Amino acid sequence: MRVALFATCVNDALYPSTAIATVRLLERLGVDVDFPPEQSCCGQPQFNTGYRRACEPLVRRTARAFAGYDHVVTPSGSCVAMVRDSYPRIGAKAATEGRGTELADIATSLAPRVVELTEFLTDVLGVEDVGAYFPHTVTYHPSCHGLRMLGLGERPTRLLRAVKGLELVELPGADECCGFGGTFAVKNAAVSAAMAEDKLRHALGTGADVLCGADNSCLLHLGGTLRRRGDALRPLHLAEILASTEEHPWRPA
């Protein structure tokens, strides 16, 4: 089985520890992981802002970068949703415009092979207990893309419940958006900030030490609000929790 890591722009630029943790976790489980250096942005910011045609070179580049891999694993549900849901629509639209089926064919080949980290662990590897150790109280925020577009369901929380030492507490209003939404947070800053405050009011009320998520874009948004407020709740990606072991425990930076 040939597996590639799709690190994503946000992780590459701001959260490299998440990409590193993903590799550590997968290798601990016996997976050989490649990192194709030609990978770049999947085109999600452009697509969400209405620049569909500007995404097309990135669709081609992403397909070239991950050609030949059985699975392309990424710790970002929003990027998986872009490839699995939006790439086929980009291809179909190009075809209806009389520009051939190249992009549609690319999407047909690539989309089924791109999987979110918790999908890969539970559905492909068939594991829930990954041998992790994380002696902290955690509450989990499911991002909109993972919750609604990918249907991740209880995959992330099943993985968290199997972590030694971890106490998982339920997040009230977990299915409510945190307010990030990519360019939504820029175009509708006041609404976005109010939504973040609502989400954090629920999270802080749990008494948890750590606010876990599977998308660093959401954690970036919520973490910025937490820092401005001066709250001690720590945002942390699920991959970093699952990569932590008794021999090599996670330590705050």
Side-chain angles (χ1 to χ4, degrees), residues 6-19 21-22 41-42 44-45 47-49 73-86 115-119 136 138-157 159-160 168-206 208-229 231-243 253:
F6 181 17
T8 80
C9 299
V10 168
N11 290 325
D12 182 57
L14 299 172
Y15 297 100
S17 59
T18 296
T22 300
C41 178
C42 66
Q44 183 180 175
F47 187 76
N48 289 350
T49 313
V73 182
T74 179
S76 171
S78 65
C79 294
V80 175
M82 176 65 187
V83 175
R84 291 210 315 232
D85 182 76
S86 301
V115 291
E116 189 268 344
L117 176 62
T118 66
E119 290 180 313
H136 303 278
V138 175
T139 193
Y140 175 73
H141 162 65
S143 68
C144 291
H145 284 93
L147 183 67
R148 295 175 175 85
M149 297 184 74
L150 301 183
L152 295 182
E154 294 186 352
R155 291 177 180 86
T157 51
L159 290 160
L160 287 170
L168 182 64
V169 293
E170 184 176 353
L171 177 65
D175 61 346
E176 297 176 7
C177 178
C178 73
F180 178 64
T183 53
F184 173 86
V186 178
K187 295 179 177 180
N188 303 276
V191 176
S192 174
M195 293 171 73
E197 290 288 349
D198 283 346
K199 176 64 67 172
L200 290 175
R201 175 168 48 83
H202 291 307
L204 290 164
T206 67
D209 306 315
V210 171
L211 173 60
C212 171
D215 259 297
N216 270 329
S217 52
C218 295
L219 296 177
L220 172 70
H221 181 56
L222 296 171
T225 305
L226 286 167
R227 284 190 295 273
R228 286 191 295 275
R229 291 166 50 113
D231 291 311
L233 181 62
R234 174 86 182 215
L236 189 64
H237 195 284
L238 175 68
E240 300 192 48
I241 293 176
L242 298 181

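Predicted model, so just to flag it, every value in this text is computed and none were measured. All heavy atoms count here, side chains included; hydrogens, waters and symmetry mates do not.
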Mind checking whether [X] and [Y] have side chains closer than 4.5 Å, heavy atoms only?
X	Y	value
Pro142	Leu152	no
Lys187	Thr49	yes
Leu238	Thr118	yes
Val10	Asp215	no
Glu197	Thr225	yes

Interatomic spacing from [atom1] in [X] to [atom2] in [Y] - rounded to 0.5 Å:
X	Y	atom1	atom2	answer
Phe184	His221	CZ	NE2	8.5 Å
Leu219	Leu14	CG	CG	12.0 Å
Ser143	Leu222	OG	CG	11.0 Å
Asp12	Thr18	CG	OG1	11.5 Å
Glu116	Arg84	CD	CZ	8.5 Å

Using the side chain to side chain contact (heavy atoms under 4.5 Å, CB included) definition, which of the options [options] pairs with [X]?
X	options	result
Leu159	Leu242, Leu117, Ile241	Leu242
His145	Cys218, Cys79, Ser78	Ser78
Leu204	Leu211, Leu233, Thr139	Leu233

Does [X] use its side chain to pair, donor to acceptor, with the backbone of [Y] at less than 3.5 Å?
X	Y	answer
Glu240	His237	no
His136	Val210	no
Ser192	Asn188	no
Asn11	Ala7	yes

Write down the atom of Ala239, the atom of Ala21, and the distance for their closest heavy-atom approach.
-> O-CB, 3.7 Å

Looking only at heavy atoms, what is the nearest atom pair of Cys41 and Gln44, with distance?
->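 Closest approach of Cys41 to Gln44: SG-N, 4.4 Å.
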
Atom pairs and distances, side-chain donor-acceptor, residues 169-177, under 3.5 Å, sequence neighbours left out:
none

Tell me, please, which residues at least two apart from [X] pass side chain to side chain contact (heavy atoms under 4.5 Å, CB included).
X	result
Leu168	Val138, Tyr140, Thr157, Leu160, Arg161, Leu166
Asp198	Arg201
Ser86	Phe47, Met82, Arg89

Set of side chain to side chain donor-acceptor pair (under 3.5 Å) partners for Thr206, sequence neighbours left out =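 Not a single residue meets the side chain to side chain donor-acceptor pair (under 3.5 Å) criterion with Thr206.
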
Not counting sequence neighbours, which residues clear ring-ring contact (aromatic ring centres under 6.0 Å, His included) with Phe6? List them please.
-> Phe66

